[in-house]
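In what follows, a single structure is set out as structure tokens and then discussed.
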Amino acid sequence: MPHGKRKAKSEKSKLAKLAKLQKKKDAPKAAPKIFTKWLMKSEPESRIENGVEMKFSFDDLKKEPNETTCWDGVRNYQARNFMRDQMKVGQSAFYYHSNCKEPGIVGITEIVKEGYVDHTQFDSEDPHFDKSSSKEDPKWIMVDVKYVRKLKRFISLKELKQIHLEHKTNGGPLEKLSLFTRARLSVQPLTEDEFKFILQLEEEDPDEELKEEKS
DNA sequence: GCCAACGTTGGC
DNA sequence: GCCAACGTTGGC
């Protein structure tokens, strides 16, 4: 009875779908985490993209008028949504040097202007030009960030990774750090605990840590 | 400079 | 709406 069989199969898949939906419903509502701290990546070393210099180090930010810049060129939906929905004036962000010899966190910035239209998406000369976007319905936004201060010491990706791995095994504030769980995001969210923990690292002597690791 | 990881695109 | 192909990121 092919008809019945077909029906049985479709019933089954329907049930499976329902079960899946139910599971989703029952799952403890992963309360959408509210993030109040950030990590923003920038490339400190010279690289040419479509004839345009991409380098923008933490020192470059300090040289900007009012030590402030617009964070243009973000072309990733997750990153955009964080900027659009959660980033607020007054919040702190780590300044992270990526795609360079020594990747890691060099300093702290403050968000001084909330999401507004990123003009570079309309500029055909800009490496981040997006022909699929329109002025009537812009796709991409940016925020303004201001230099606050350098960290007392450079906190390398390597060091953070070691701690992350340790916390993943034994538990700890950096066990879910976006730098490793969502490595490619250029604007990453941090919880208060993650931010505090990393900030406190600047007080430690990295040599002492090294000694501890060796012993 | 290589390439793994992962986000995006487009054919079906 | 799936998923292969493609493009980009970014550590190494």
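Just the heavy atoms: all of them, side chains too, but no hydrogens, waters or symmetry mates, feed the values below. Order of the sequence lines fixes the chain letters, A, B, ..., with proteins taken first and strands second; residue numbering starts at 1 for each chain. None of these values were measured; they are calculated from a predicted model.
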For S156(A) and E102(A), which I'm curious about, is there any donor-acceptor pair between the side chains at under 3.5 Å?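 No, no side-chain donor-acceptor contact under 3.5 Å.
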Could you list the donor-acceptor pairs under 3.5 angstrom formed by side chains in residues 110-118 of chain A, with sequence neighbours left out?
residue, atom, partner, partner atom, Å
E114(A), OE2, V89(A), N, 2.8
Y116(A), OH, D144(A), OD1, 2.5
Y116(A), OH, D144(A), OD2, 3.4
D118(A), OD1, T120(A), N, 2.8
D118(A), OD1, T120(A), OG1, 2.6
D118(A), OD2, G73(A), N, 2.8
D118(A), OD2, R75(A), NH1, 3.0
D118(A), OD2, T120(A), OG1, 3.3

Sugar-phosphate means primed atoms, P, OP1 and OP2; the rest is base. With that split, encode nucleotides 1-10 of chain C 5' to 3' as B, S or - using protein heavy atoms under 4.0 Å. ------BBSB
On DNA chain B, check which nucleotide each of F180(A) and K139(A) is closest to and give me the residue with the more 5' one.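 Looking at the nearest nucleotide for each, F180(A) comes out on the 5' side.
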What is the separation between atom NE2 on H164(A) and atom P on dG11(C), rounded to the nearest whole Å? 14 Å
Acceptor/donor pairs from residues 168-177 of chain A side chains to any protein atom, 3.5 angstrom cut, sequence neighbours excluded:
residue, atom, partner, partner atom, Å
T169(A), OG1, L165(A), O, 3.0
N170(A), ND2, E166(A), OE2, 2.6

Would you kindly check if the NZ (Lys) or CZ (Arg) of K135(A) is within the cone defined by 45 degrees around the ring axis of F122(A) and under 6.0 Å from the six-membered ring centre? yes
For K101(A), which contact category applies under a 4.0 Å heavy-atom criterion: base, sugar-phosphate, or nothing? nothing
Charged N-O contact under 4.0 Å between D59(A) and K62(A): no
